[in-house]
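Everything numeric here is computed off the predicted structure, so don't read it as measured data. Proteins get letters first, then strands, A, B, ... in listed order; numbering begins at 1 in each.
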Amino acid sequence: MLDPKLLRSEPEKVAAALARRGFELDLKGLAELERRRKSLQTRVQELQNRRNTKSKAIGRAKAAGEDIQPLLDEVAALGDELKAEEEALRVVQEELRQFQLHLPNLPHETVPDGKDEEDNREERRWGEIPEFDFEPMDHVDLGEALGGLDFQAAARLTGSRFVVMHGQIARLHRALAQFMLDLHTREHGYRESYVPYIVNDDSLYGTGQLPKFHEDLFRLEGERPWYLIPTAEVPLTNLLRDQILPADALPFKVVAHTPCFRSEAGAYGKDTRGMIRQHQFDKVELVQAVRPEESFEALEALTGHAEKVLQLLELPYRVVTLCSGDLGFSATKTYDLEVWLPGQGRYREISSCSNFVDFQARRMKARWRNPDTGKPELLHTINGSGLAVGRTLVAVMENYQQGDGSIRVPEVLRPWMGGQEQIVPEG
RNA sequence: GGAGAGGUGGCAGAGCGGUUGAAUGCACCGGUCUUGAAAACCGGCAGGGGUUAACGCCCCUCCAGGGUUCGAAUCCCUGCCUCUCCGCCA
């Protein structure tokens, strides 16, 4: 959520910033809502004040043994009017809240202007794009030939956009996740967490998936508003919901390996082949909460932590800054890491690292006690994939493939593979 | 699944339907004392919102949502959560 004070005091400025991402702020509607809110709120508070004063007077009179009937007559009419005005105020405030919940974050000044991914700015490239003296296969052909990937079985078990992994490929997938977790906990200072894969609606409001992106989520049957997590960002960041952290608990850095569930509504026909876009995939997620003045520094560091995974795996990649129009709802700035996929002959997103500044923290009341002011203040939250495990598996398979259809195991992964050096077809 | 107890400020823990947004203790901050520290003593210390140039004034919040009442932390209903015992279970 945006700072309501900023929204009130400088709506034109907010509108201009939101326009950069193609969002049109309804200034007239906002002004009208504000106008109604203000007059109703003033009126309600005035009535409440009168009621409180009279009620206290009644209490005093009663204690003094005086006749309270005249006083009771005075307040008689107050109740109904107050009730009506309170209801009107509630309606307006709910409208205002909905209005605010649908406003995306403001793009940071360092974010390039643009409409879509075409306008993203490439920051740097790392690694050598591999040359093959044979026609490289994509992970689907490789995996099926190796007996390690079975999309047909998954379609039978569930439906499209799922995969079954077997044998060495399944192990490689597990090794990747373990390797990432160990790297981030041992080298980068994150605390490992195990979290629920089902969350309530408050959590999804907190990180910004709700109310706007309901269709992207899997909701469970039943009375309760429970959803499968689309990313561990949701449970991890919501660890701080309604909390006030002491200053010495900062920076807060957690990592978790979880499955992620996405409905991919609206992605019909997109990446239908292979493991790139699945309803269920594993991800190692990095989350930080820091002092406001440190968040952009933290974003750089966290992006570096994700990059480190690719570097150790020796996978070529590039870093792009998302342009204003390509930015996610809650983010003020995002770096995407894109890994080179020989099977597609192009870079594909494998990690997305964002600074949300106080946008998520305001929604979830995630605060810290600032020793300088003694007051609770909003934290800044940052997160990023470190990395998407399924897509990393794809990248390893495609980049490490050999002419005979086998796959070399990246050196850094071998400790998690029992020392195994290559993956060959299984009998 | 059955039976019971409970959810109050950063934490612990009081609270008769009425000057209680809340005793007390701890923690924290400032001060006195001390060479310094500790102890002791004094003072401060919930969150959110409205209004104001500011001092201030006002409103809301004692798990959440309804209800009773002139007035609710306190009474009633529903939900959620926690704890204890029994049963079941990985």
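For the pair A/R121 and A/E123, the salt-bridge criterion is met [side-chain N within less than 4.0 Å of a carboxylate O]. A salt bridge does not link A/E187 to A/K308: none of the charged side-chain nitrogens sits closer than 4.0 Å to a carboxylate oxygen. Taking 4.0 Å as the cut-off between side-chain N and carboxylate O, A/R348 and A/D271 count as a salt-bridged pair. In summary, A/R36 and A/E95 engage in a salt bridge, as defined by a charged side-chain N under 4.0 Å from a carboxylate O.
Between the P atoms of B/rG25 and B/rG13, the separation comes to 16 Å (whole Å). Distance check on atom C1': B/rU19 versus B/rG43 gives 24 Å, rounded to whole Å. The gap from the C1' atom of B/rU24 to that of B/rU8 amounts to 14 Å, rounded to the nearest Å. Using P as the reference atom, B/rU74 and B/rU61 are 11 Å apart when rounded to the nearest Å. Distance noted for atom C1' between B/rC81 and B/rG65: 15 Å (whole Å). Across B/rC16 and B/rG87, the matching P atoms stand 38 Å from one another, rounded to whole Å. For the C1' atoms, the distance from B/rG44 to B/rG10 is 16 Å, rounded to whole Å. Look at the C1' atom in both B/rG67 and B/rG47: the space between them is 27 Å, to the nearest Å.
Atoms CH2 (A/W368) and P (B/rG10) sit 17 Å apart, rounded to a whole Å. If you measure from atom CG of A/N370 to atom P of B/rA46, you get 17 Å, rounded to the nearest angstrom. Rounded to an integer number of Å, the gap from CG of A/L40 to P of B/rC59 is 18 Å. B/rG48 atom C1' lies 11 Å from atom CD of A/Q41, rounded to whole Å. Rounded to whole Å, the distance from CD1 on A/I68 to P on B/rG71 is 12 Å. Look at NZ on A/K38: it is 19 Å from P on B/rC59, rounded to the nearest Å. If you take CD of A/Q243 and P of B/rC11, they are 9 Å apart, rounded to a whole angstrom. The distance between atom CG of A/N200 and atom P of B/rC63, rounded to the nearest whole Å, is 19 Å.
Listed candidates were B/rC80, B/rU51, B/rG49. Nearest to the side chain of A/R224 is B/rC80. Here the side chain of A/I58 is nearest to one of B/rG47, B/rG50, B/rC70, namely B/rC70. In this structure, of B/rC70, B/rC59, B/rG47, it is B/rC70 that holds the atom nearest to the side chain of A/V75. Among the nucleotides B/rC70, B/rU68, B/rC59, the one closest to any side-chain atom of A/Q48 is B/rC59. When the nucleotides B/rU51, B/rG47, B/rC59 are ranked by their closest atom to the side chain of A/N52, B/rC59 comes out on top. Minimum atom distance to the side chain of A/R60 is reached by B/rU19, of the listed B/rG47, B/rU19, B/rC70. For A/Q45, whose side chain is taken as the heavy atoms from C-beta onward, the closest listed nucleotide among B/rC58, B/rG47, B/rU51 is B/rC58.
Both A/R90 and A/R369 lie close to RNA chain B; mapped to their nearest nucleotides by heavy-atom distance, the more 5′-ward contact belongs to A/R369. Two residues, A/R8 and A/K83, neighbour RNA chain B, and the one matched to the more 5' nucleotide by heavy-atom proximity is A/R8.
Shown here, B/rG6 forms a base pair with B/rC81; the pair counts as Watson-Crick or G-U wobble because both key distances fall under 3.5 Å. Remark: B/rC33 base-pairs with no nucleotide; criterion is Watson-Crick or G-U wobble with both hydrogen-bond distances under 3.5 Å. Under the Watson-Crick and G-U wobble criteria, each requiring two contacts below 3.5 Å, nucleotide B/rG1 is paired to B/rC86. Base pairing of B/rC57: its partner is B/rG50, meeting the Watson-Crick or G-U wobble criterion (both donor-acceptor distances under 3.5 Å). Base pairing of B/rU74 is not made with any nucleotide, judged by Watson-Crick or G-U wobble geometry with both donor-acceptor distances under 3.5 Å. B/rG21: no Watson-Crick or G-U partner with both key distances under 3.5 Å is found in any strand.
By the 30° and 60° cut-offs, the orientation of the rings of A/H188 relative to A/H305 is parallel.
Between the side chain of A/E87 and the backbone N or O of A/A84, no donor-acceptor pair lies under 3.5 Å.
Between the side chain of A/K62 and the base of B/rG18, a donor-acceptor pair under 3.5 Å is found.
Aromatic rings from A/H279 and A/F261 are positioned such that their centres are separated by 6.0 Å or more.
For the 3.5 Å distance criterion, the side chains of A/T321 and A/K333 fail to qualify, holding no donor opposite an acceptor.
At the heavy-atom level, A/R37 lies under 4.0 Å from the strands shown only through sugar-phosphate atoms. At the heavy-atom level, A/P246 lies nowhere under 4.0 Å from the strands shown.
Taking only side-chain nitrogens and oxygens, A/R367 comes nearer than 4.0 Å to OP1 or OP2 of B/rG48. A sub-4.0 Å separation between OP1 or OP2 of B/rC58 and a side-chain N or O of A/N49 is absent.
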